[in-house]
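Written below as structure tokens is the structure these notes are about.
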Amino acid sequence: MILSETANMLADCGAVTFAPNDVSASALGTLAAKLGFGTVANYTQFAELPKNRLTYFLVHGQLPDGAKQRIIHGLRSSDHVFRRFAPIVCFVTNGPRHQIVPLVQMGFDEVLFITDPVSDMSHKLSDQLQHELVYVESDHYFGPDRRRIERIDPNDPRRKPGGSPFRKIRVVRDPRMGISTMDVAH
């Protein structure tokens with residue numbers, strides 16, 4: 001996919017930013033505009049955005065983990081499909097890159113480094129669109145399949161069967177058509 005196609009897809013989407021202070025909020029908003037989002041708003045303007053528009057939720061990595069978890073939980077527990085299955089992205093300021101794993105385990109759809117090239121970030125954000133993603137819902141977690149970060153083969157004997165009951169949900173996001181979901185047999 002070329003950058004102009006990516007920018008066009010993101011132009012059909014909105015972005016809501018969450019940051020620890022006004023300076024960080026302004027910087028994250030400026031970055032969202034550079035990434036090509038059609039509408040960019042601070043979380044205080046969240047209620048004013050159209051509910052039937054695909055919106056990305058951009059979270060500054062310097063927010064405390066408790067605040068990040070409340071944002072994720074609040075969106076994932078929404079009755080509205082455009083909020084419940086929205087892409088939630090965390091932007092971190094610097095390495096080490098292994099800090100991505102706990103954020104993915106927390107439930108972020110994507111974790112990006114602010115220092116990466118805008119074209120790389122746009123490409124990764126557009127990867128949240130127009131193809132199937134798997135979400136998992138259990139008693140203690142609802143969000144993108146966290147096993148996507150594991151390097152162990154799903155059939156490896158080191159994987160332990162069991163655990164709590166869960167269901168898998170196929171999610172496809174399209175900025176023009178909306179969000180479709182379907183339970184996946186497992």
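The analysis underlying the following values was restricted to heavy atoms, covering all of them including side chains, and did not include hydrogens, waters or symmetry mates.
- Side-chain heavy atoms closer than 4.5 Å link hydrophobic residues (I, L, V, M, F, W, Y) into clusters, and following such links, even through other members, never connects L133 to V89.
- For the atom pair K34 NZ and S122 OG, the distance stands at 11.5 Å (nearest 0.5 Å).
- Judged purely by atom type and a 3.5 angstrom limit, S126 uses its side chain to pair as donor or acceptor with the backbone of H123.
- How far OG1 of T17 is from CG of L58: 7.0 Å, rounded to the nearest 0.5 Å.
- A donor-acceptor contact shorter than 3.5 Å is absent between the side chain of Q128 and the backbone of L125.
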>> Please determine whether side-chain contact (heavy atoms from CB on, under 4.5 Å) holds for the pair H60 and T93, giving the CA-CA distance in whole Å, both sets of side-chain angles, and the decisive distance to 0.1 Å.
In response: CA-CA 8 Å; H60 197 288; T93 55; 3.9 Å; yes

> Please walk me through it: do D127 and E110 pass side-chain contact (heavy atoms from CB on, under 4.5 Å)?
Replying inline: CA-CA 10 Å; D127 280 349; E110 185 64 72; 5.7 Å; no

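- L63 approaches A19 most closely through the heavy-atom pair CD2-C, 3.8 Å.
- Judged as a salt bridge (charged side-chain N to carboxylate O under 4.0 Å, His left out), the pairs with a partner in residues 70-83 (not counting sequence neighbours) are, in order, R76-D109.
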>> Does K68 form a salt bridge (charged side-chain N to carboxylate O under 4.0 Å, His left out) with D65? I'd like the steps, not just the answer.
In response: CA-CA 5 Å; K68 290 178 196 143; D65 285 349; 3.1 Å; yes

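- Side-chain heavy atoms closer than 4.5 Å link hydrophobic residues (I, L, V, M, F, W, Y) into clusters, and following such links, possibly through other members, connects V118 to M9.
- Under the 3.5 Å distance criterion, the side-chain polar atoms of T30 are matched with a main-chain donor or acceptor of S26.
- For the side chain to side chain contact (heavy atoms under 4.5 Å, CB included) with V92, the lone residue among L112, T115, I114, L103 that qualifies is L103.
- The minimum heavy-atom distance between A25 and N42, with the atom names listed, is CB-ND2, 3.6 Å.
- Interatomic distance, CZ of F57 versus CZ of F108, reported as 12.5 Å (0.5 Å rounding).
- In this structure, S78 and R84 approach most closely via the heavy-atom pair O-CD, 3.5 Å.
- Residues V16 and Q45 are not in side-chain contact: their nearest non-hydrogen atoms beyond the backbone lie 4.5 Å or more apart.
- Side-chain rings of F85 and F142 approach one another, their centers coming within less than 6.0 Å.
- Remark: H73 NE2 is loosely packed, at most 12 non-hydrogen atoms of other residues, nucleotides or ligands lying under 6.0 Å away.
- Grouping the Ile, Leu, Val, Met, Phe, Trp and Tyr side chains by contacts below 4.5 angstrom, directly or via other members, places I100 with I71.
- V81 is connected to Y56 through a chain of hydrophobic side-chain contacts under 4.5 Å among Ile, Leu, Val, Met, Phe, Trp and Tyr, so both are in one cluster.
- Under a hydrophobic-cluster definition in which Ile, Leu, Val, Met, Phe, Trp and Tyr are linked whenever side-chain heavy atoms come within less than 4.5 Å, directly or via other members, F113 and I88 are assigned to the same cluster.
- When all heavy atoms of P20 and Q62 are compared, the pair lying nearest together is CG-CB, 4.0 Å.
- Here CZ of R167 is found 11.0 Å from OG of S138. Values are rounded to the nearest 0.5 Å.
- The distance from atom CD of Q130 to atom CG of D174, rounded to the nearest 0.5 Å, is 4.5 Å.
- Rounding to the nearest 0.5 angstrom, the gap separating the CG atom in D12 from the CE atom in M177 is 12.5 Å.
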